[in-house]
Structure formats: structure tokens, C-alpha cells
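Only one structure is covered here, and it is reproduced in the block below.
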There are 2 protein chains.
Amino acid sequence: MTDDRPQATEHDVALIGRATQQRAMVLGALVVVEGFISAQALHRRLVADGSPVGLSTVYRTLTALVEAGRADVVRAADGERLFRHRPGPDHRHYLICTECGLSLPVESGPVERWAARIARTSGFADVRHAVELSGVCPDCDRKADQTADQAQGP
Amino acid sequence: MTDDRPQATEHDVALIGRATQQRAMVLGALVVVEGFISAQALHRRLVADGSPVGLSTVYRTLTALVEAGRADVVRAADGERLFRHRPGPDHRHYLICTECGLSLPVESGPVERWAARIARTSGFADVRHAVELSGVCPDCDRKADQTADQAQGP
DNA sequence: GTTTTTGCAAAGCTTTTGCAATCCG
DNA sequence: CGGATTGCAAAAGCTTTGCAAAAAC
């Protein structure tokens, strides 16, 4: 069976308006992913899993989750927005693999302190920071090396 | 006369291929702006100034400048890309006013060191970082306060 | 029974690309 | 000349929106 998926859905979904099946499915899928994913990719997953949710609903739900503070959003290099379920209330930063999307929380104390200091000393109000670390994770890097080897001849 | 505009153009333009009038105009306009600006806004400025450069040329030139390290690019909240002429060769971070676009370079040593350490310890390859600080500059903040005061009644 | 939400299709955005005409060297 | 560059228009992506049908409370 396929019922071992996390489903802290019904409860959370109410936070963004009426509790509908679609919102529960979108949130459920987002939780399962455990990493950043684009609205379109999430929609593809839902459809593939036999949960035919409309793309606009996915967008609307994700936007609502972000506004409600239940999801984080970052901007990929190509401009796509990537969403991630936010389990706790803290503000974190991630190191994201540009190949496979794997995301790793990183220790962000120094950046937080740096940003706080700039906020204090700059005279600016309501200072926010967005920090995105990206790279190629060990797995993908290994695969890339193998491909490169093949390409230049065995 | 209107000849007091910075024009370190002809020389720099050569760095991205042939020195054409259009590229000189795009780079010239970007230098004059002294801050972040979108490709479309820059195009509007050029047209308004009687320099009818094609929008695609603006995009191509800005992209080339970024690749050549002569411009920085950041992503606005709405996904638009904002470009800025980079006078020196160093990699910098800015504090950008969300109201007026004013940008201030900030001291970024701590972030650089933090990012470098993550890169070293994570096992990821080719780690890059994007850091964006934004807020409301003192001028705009003052204006906003005045507006708020008026709104709630004098 | 009313009000919100959905889904589809169409539009909106920024950005990229194809290709003939044009310009630089 | 000959290849690089331009400009237009069309295409490509991601995201948003209008509106009738469906679902929630």
C-alpha cells in the first residue's frame, strides 16, 4: 500500500481558508518532497499520482502557504520559483544542488549576525535578507565526472 | 549641453566583442544610472533619450556584460532581473532600497568567509552564493511615515 | 443557500531566438 | 568583402487572471 505518506494536512490546510481536497493534496505533496520544488514539478507529481489538481490551484495554494508562513520560497537561477514546506517557525538557509534539487540546511549564524549588523548600522528600515547557496552535490558531481570521461573517450 | 555624462564606453565595449554604437549606448546608459535597473527600464530610457536601440540588443548586451564580469545582476522579488554596472573587479553585495532602488555596497567579508567555509565543508562542488539585502532607505522611510501620518488624520 | 474555490483557457510578463538586413573592421 | 551584430516579430517559459461550474460551510 501507499499510505505511509506524511499527512499533517487537514489541520494545516485550514490555516489558508477552506479545507479542500485539492489544498490537502498540494500540501501533502509538498511535505513529501522534503526539499525545494517548483510549482510545475509539484503539479506533474500530483497528476502522476492520480491527483488531478489544476495548475492554477497549485500556484494559488503555494502562494497562500507562503503568505501564511507555512512555506519558503527561493528563486532559481533561471527565474523559476521553488517552494519548500516549512516544518518549524525558524528562518533557515539552504545549500541547494543545481542538478537534482537536493537541499541541505546550513549553519547560518554568521550570516544572520552580519545581516543584523548591517540592518542596525545602515539606517535602513525593515531590512530583509535572502541568501542562496547553490552548487553540485557529491552524487551529481560524480555522475558529471563520469559523463565527462566518457565524452572525451575511454 | 549634455556632455557631462560618464563615457568610459568605447574602451569597455570592446571587451564584449565588436565596438558598436548600440553597445556603447547601452553601456553608457547603464553607467549613468549608477544603480540597479531592469533591461526593459534601460531600454525605455534609451528610447526616450533618442537612442533607438532594440530591446533584444539591450538584453544581449547586458548578458554579455555580466558574462564579461562588467555588470552585476540580481533578481527582484517579482522575478525581473536587475543589472548594474560594475566599476571594479571585485565581487560585492548591496543593500537595495525597495522603494527607490538606491543601492549601497556593504561590507561583505563575513558572508564571503561563511560561504567559503560551507563550500569547503559541504562536499558540494562549484558552490556559489547570492546574497540580497533589501530594506527601506532613510529618505523613503521618512516619506512613508509622513504618508502614514496623513492617512490616519492630522 | 451563499460564498469560496476550482479548472480551463486565455492573457501577461520577462526573456530568448530565428533570420534577413546592416554594419564594423 | 565577410563575418559579427542588429532589429523585428514570433516563440518560449513561468505565472496570473476571468469566469462558469462545483464544492464547502
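In what follows, chains carry the letters A, B, and so on, assigned in the order in which the sequence lines appear, proteins first and then strands, with residues in each chain numbered from 1.
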So, A:D72 and A:R84, do they make that salt bridge, N to O below 4.0 Å? no

Could you tell me if the side chain of B:V32 sits less than 4.5 Å from the side chain of B:R45, heavy atoms only? yes

Go through DNA chain C and write down every stem, that is, every run of at least three consecutive Watson-Crick or G-U wobble pairs with distances under 3.5 Å, as range with range. C:1-25 with D:1-25

How close or far is atom C1' of C:dT15 from atom CG of B:D78, stated in whole angstroms? 13 Å

Kindly give the heavy-atom pair with the smallest separation between A:R75 and A:G79, and that separation in Å. NH1-O, 3.0 Å

Name the orientation class of the two ring planes belonging to A:W114 and B:H93 (parallel below 30°, tilted from 30 to 60°, perpendicular beyond 60°). perpendicular

Taking atom P of C:dT14 as reference, at what distance in whole Å does atom CG of B:L42 sit? 14 Å

Per-nucleotide protein contact along nucleotides 18-25 of chain D, 5' to 3', at a 4.0 Å heavy-atom cut-off (B base, S sugar-phosphate only, - neither), is B-----BS

I want to check one thing: is the phosphate of D:dC14, taken as OP1 and OP2, less than 4.0 Å away from some side-chain N or O of A:R81? no

Please determine whether a side-chain nitrogen or oxygen atom of A:Y59 lies at a distance below 4.0 Å from atom OP1 or OP2 of D:dT16. no

Quick one: A:L55 CG to D:dT15 P, roughly how many Å, whole number? 9 Å

More than 12 heavy atoms from other groups under 6.0 Å of CD on B:Q21: no

If you compare every side-chain N and O of A:R75 against the phosphate oxygens of C:dT14 (OP1, OP2), does one of them come in below 4.0 Å? no

Spacing of A:L82 atom CG relative to D:dC14 atom C1', expressed in whole Å: 12 Å

